[in-house]
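Reminder, nothing fancy here: chain letters follow the sequence lines and each chain counts from 1.
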Amino acid sequence: MPLKVALKRAERSRNLRALALIAPLFLFIVLTFAAPIGMLLFRAVYDPDLGRNLPATTEAIQSWNGEGLPDETVYAALAADLKAAQENKTAGQIGKRLNYEMSGTRSKILATARMVAKLESGPYKEAFIKQDQRIWGQPDVWHILKRETKPFTGYYLLASLDHQFDGNGNIVKTSPDQAIFIDIFIRTLWIAFLVTIFTLLLGYPIAYLLASLPTSTSNLLMILVLVPFWTSLLVRTTAWVVLLQTNGVINDALIWLGILHDRIQLIFNRGGTVLAMTHIQLPFTILPIYSVMKTISPSYMRAARSLGGGPFYSFWRIYFPQTVPGIGAGCLLTFILSLGYYITPALVGGPADQMISYFVALYTNTELNWGMASALGGLLLAMTLILYVVYNRLVGIDKVKLG
Amino acid sequence: MALPTYASKIERAWRWIFLAICVLILLFLIAPILVITPLSFSSEPFFTYPLPGLSLRWYIDFFTSDRWRIAVMNSIIVAVSSTALSTFLGTLAALGLSRTKLPFRGAIMSLLISPMVVPIVITAVGMYFFYATIGLANTYLGLILAHSALATPFVVITVTATLTGFDQSLTRAAASLGASGTRTFFKVTLPLILPGVTSGALFAFVTSWDEVVVALFLASPEQRTLPRQMFSGIREQISPTITAAATLLICLSILLLLSVELLRRRSERLRGIRS
């Protein structure tokens with residue numbers, strides 16, 4: 001056998017062995033993690049419930065061309081569906097889904113379903129319009145029914161970006177009193193940005209100090225950075241809740257120092273949230289900057305000084321540019337992690353400081369609007385992944401410092 | 001970081017200002033921990049200084065009340081199980097990934113690391129939907145699988161890092177002396193990478209032990225873990241028992257931090273890396 005072939009064969013068997021070692025974890029992650037995320041993303045565009053609850057209407061409404069009101073057959077189909085819904089107790093679900101796009105519809109659907117259940121025979125169109133002219137006498141609800149009885153929907157993703165379909169199927173802006181999500185995305189980005197800037201301002205001097213001290217001293221000080229890093233996020237958040245309370249330690253200290261005369265509200269607002277998040281993220285920014293600074297030889301600064309550069313000029317022109325990769329890595333990591341914060345704003349922030357994660361949780365647990373939770377989650381995930389691709393190019397994701 | 005002899009007066013003054021700023025920032029870093037620890041020994045349920053008196057009543061409450069004891073037990077069950085599972089799977093995968101010429105290595109690595117990357121709420125909600133449909137919601141198994149998925153990236157990263165400094169001629173030597181692959185692994189490779197595997201396991205343990213968001217979504221009150229108990233404690237009415245729990249957790253973190261640091265040094269010594 002020629003050497004080339006033998007070598008190739010050996011390489012292939014080694015590759016196979018390596019893949020066999022990876023396979024169990026690969027399958028595990030796909031099943032326990034990737035599949036749930038995939039299902040979440042799918043839910044953002046797939047919602048078959050309305051079509052399933054209104055099977056006859058789904059079929060009948062296809063013949064309606066979208067002008068004026070549908071004819072009697074469509075009304076009759078809806079009547080049959082609502083009769084069944086009244087029996088199966090799914091009228092509430094139908095009402096809730098329509099309510100997303102036309103507020104106040106839920107009670108009208110329930111009332112109509114009760115009315116229909118008592119009707120023996122048609123004509124249904126008149127009966128519907130007599131029941132509630134504002135909903136059944138207008139084409140709006142029929143437009144929604146025609147569009148949303150299909151299993152795939154763009155409604156949730158559009159709604160997450162404060163847009164919706166109008167009666168003609170065009171994408172239009174949501175009315176300002178209901179458009180909240182763009183603001184929440186901007187708020188999330190803004191809080192993450194503030195936290196990133198503050199961690200950089202506080203972290204850069206510490207990284208510089210640690211990198212320039214002799215190893216024995218810097219190892220000691222490093223403990224002060226690593227202990228908070230290793231302390232659980234919840235414990236640190238708890239500590240900030242205790243500190244920031246109106247009767248808490250910080251208020252006490254400020255009054256004792258004579259800076260304040262009356263206690264002020266420090267918790268449940270933007271300042272408290274950014275403060276606690278900055279504290280939690282600070283080690284994440286410090287460590288990458290520190291590891292870059294460690295590699296900068298002091299001879300550059302000496303050379304700059306010996307060539308006549310002043311201390312600040314030399315620092316700015318010679319030292320600082322060499323630390324930029326570390327700043328990029330640290331800030332990007334902190335920015336990405338800050339985007340996904342949930343626990344800290346939930347405990348330290350007020351209603352106006354909640355970030356996108358809070359709304360994903362809210363739509364899942366409280367509103368039970370899973371399509372909306374999935375769409376918001378999908379957009380947050382997209383934002384995070386784009387930034388991670390950048391981070392991966394810059395730093396390499398497997399080189400994240402773990403202390 | 002002594003200043004050079006040619007330093008000007010302004011430079012010397014700036015040096016002191018800089019040091020003062022650093023002291024303040026370091027204080028900021030450590031302050032919450034320094035403040036909350038003494039409060040847990042307070043004899044009164046107020047979060048104020050000076051302490052009205054010292055007592056261990058919050059610790060007694062922590063160790064005797066059923067709510068906290070169940071939470072600690074649940075946390076131990078879940079954290080130990082997910083540490084075992086994720087360390088096993090993660091170490092195997094890291095051994096495979098140590099082969100740098102592997103096709104699609106980057107893509108595979110990205111997928112295996114992704115649980116660390118995805119915002120935790122998205123993971124939690126996704127798992128909540130998915131595990132509910134397959135009957136794993138509100139079970140210990142579901143929570144253990146979820147925490148294992150979250151913890152494996154840390155094992156993979158730590159063990160892969162240990163393996164990059166690994167001298168492959170050692171395994172070749174073992175093979176040339178007639179040892180089988182399995183034997184080489186247990187006699188040569190494993191003892192050398194063990195410190196890395198152990199740190200990975202510690203990271204995995206901490207990940208599960210501190211995890212709260214997935215526990216909020218996936219666990220019923222029956223499986224509530226320590227962080228979840230703390231979370232609801234802060235939400236409802238913050239009692240000083242939480243500060244006792246927090247202090248105990250801080251002590252545990254410091255212990256784990258020291259272990260990882262010692263293991264890192266040992267691992268470097270074993271692999272002949274001088275720092």
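- Here the CG-OG1 distance, from B:L256 to A:T231, works out to 10.5 Å after rounding to the nearest 0.5 Å.
- Put simply, of A:P228, A:P298, A:A20, A:G38, the one with the most heavy-atom pairs under 4.5 Å next to chain B is A:P228.
- With a 4.5 Å cut-off on non-hydrogen atoms, B:L39 touches chain A through its side chain but not through its backbone.
- A:F33 is not listed as a side-chain neighbour of B:L111, based on a closest heavy-atom distance of 4.5 Å or more.
- Heavy atoms closer than 4.5 Å to chain A are found nowhere in B:F88, neither backbone nor side chain.
- A 4.5 Å side-chain heavy-atom check between A:L224 and B:L29 finds every atom pair outside the cut-off.
- The two residues A:A361 and B:V121 have their closest heavy-atom pair at N-CG1, 4.2 Å.
- When B:V212, B:I120, B:L102 are compared by the number of non-hydrogen pairs under 4.5 Å with chain A, B:L102 comes out ahead.
- In terms of non-hydrogen atom pairs under 4.5 Å with chain B, the most contact-rich of A:P24, A:S232, A:A239, A:S218 is A:S232.
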Inset, instruction - In sequence, state the C-alpha distance, the side-chain angles, and the governing distance for A:V242 and B:V35, and then conclude on side-chain contact (heavy atoms from CB on, under 4.5 Å). - result: CA-CA 9 Å; A:V242 169; B:V35 167; 5.6 Å; no
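- Contact detail for A:L234 and B:F231: the closest heavy-atom pair is CD2-N, 4.0 Å.
- For chain B, the nearby part of A:L282 is the side chain; its heavy atoms alone come within less than 4.5 Å.
- Counting only heavy atoms from C-beta outward, the side chains of A:L25 and B:T152 approach each other to under 4.5 Å.
- For B:I254, the part lying near chain A is the side chain, with the backbone staying farther off; criterion is any non-hydrogen pair under 4.5 Å.
- Closest of all the heavy-atom pairs between A:N15 and B:P103 is ND2-CD, 3.6 Å.
- Taking OG1 of A:T32 as the reference point, atom CD1 of B:I144 lies at 12.5 Å (rounded to 0.5 Å).
- Between chain B and the residues A:G377, A:G340, A:S357, the most heavy-atom pairs under 4.5 angstrom are made by A:S357.
- Remark: B:R99 CZ to A:R14 CZ distance equals 5.5 Å, nearest 0.5 Å.
- Contact of B:I134 with chain A is not made at all, since no heavy-atom distance falls under 4.5 Å.
- The line from CG of B:L112 to CZ of A:F26 is 7.0 Å long, rounded to the nearest 0.5 Å.
- Contacts of B:L252 with chain A are absent, with no heavy-atom separation under 4.5 Å from either backbone or side chain.
- Listed options B:I250, B:I21, B:V118, B:L249 were ranked by heavy-atom pairs under 4.5 angstrom with chain A; first place goes to B:V118.
- Chosen from A:L221, A:I223, A:V249, the residue pairing most often with chain B at heavy-atom distances under 4.5 Å is A:V249.
- Residues of residues 91-98 of chain B lying under 4.5 angstrom from chain A, judged on non-hydrogen atoms, are B:L92, B:A93, B:L95, B:G96, B:L97 in numerical order.
- In this structure, chain B has a heavy atom under 4.5 Å from the side chain of A:I286, while its backbone stays farther away.
- B:W209 does not touch chain A: none of its heavy atoms, backbone or side chain, sits under 4.5 Å away.
- For the set A:V241, A:V360, A:I343, the entry with the most heavy-atom pairs within less than 4.5 Å of chain B is A:I343.
- With chain B as the partner, the residue from A:L19, A:L347, A:I37, A:T384 showing the most heavy-atom pairs under 4.5 Å is A:L347.
- Of all the listed residues (B:A124, B:S114, B:A146), the one sharing the greatest number of non-hydrogen pairs under 4.5 Å with chain A is B:S114.
- Residues B:P32 and A:R236 form no side-chain contact, since every pair of their non-hydrogen atoms from C-beta on lies 4.5 Å or further apart.
- Here CD1 of B:I10 is found 7.0 Å from CZ of A:F312. Values are rounded to the nearest 0.5 Å.
- To the nearest 0.5 Å, atom CZ of residue B:F185 and atom CG of residue A:L21 are 8.5 Å apart.
- The candidate from B:T123, B:V206, B:L216 with the greatest count of non-hydrogen atom pairs under 4.5 Å with chain A is B:T123.
- Neither the backbone nor the side chain of B:F104 comes within less than 4.5 Å of any heavy atom in chain A.
- Heavy-atom distances place no part of A:I280 under 4.5 Å from chain B, backbone and side chain included.
- Contact check for A:P205 versus B:I25: side-chain heavy atoms found under the 4.5 Å cut-off.
- Ring geometry, A:Y208 versus B:F18: the interplanar angle exceeds 60°, so the pair is classed perpendicular (tilted spans 30 to 60°).
- The minimum heavy-atom distance between B:C22 and A:I206, with the atom names listed, is O-CD1, 3.6 Å.
- Contact of the B:P115 side chain with the A:I29 side chain is registered, since non-hydrogen atoms from C-beta on lie closer than 4.5 Å.
- Of all heavy-atom pairs spanning B:D210 and A:W230, the tightest one is OD2-O, 4.3 Å.
- At a 4.5 Å heavy-atom cutoff, the contact between A:S374 and chain B is made by side-chain atoms alone.
- Between A:V235 and B:I33 the shortest side-chain heavy-atom distance does not fall below 4.5 Å.
- The aromatic rings of A:W370 and B:F129 are tilted relative to each other, their planes meeting at an angle between 30° and 60°.
- Contact of A:N365 with chain B is made through the side chain alone, with heavy-atom distances under 4.5 Å.
- Surrounding NZ of A:K294 are more than 12 heavy atoms belonging to other residues, nucleotides or ligands, all under 6.0 Å away.
- Among all heavy-atom pairs drawn from A:T238 and B:M230, the shortest one is OG1-CE, 3.8 Å.
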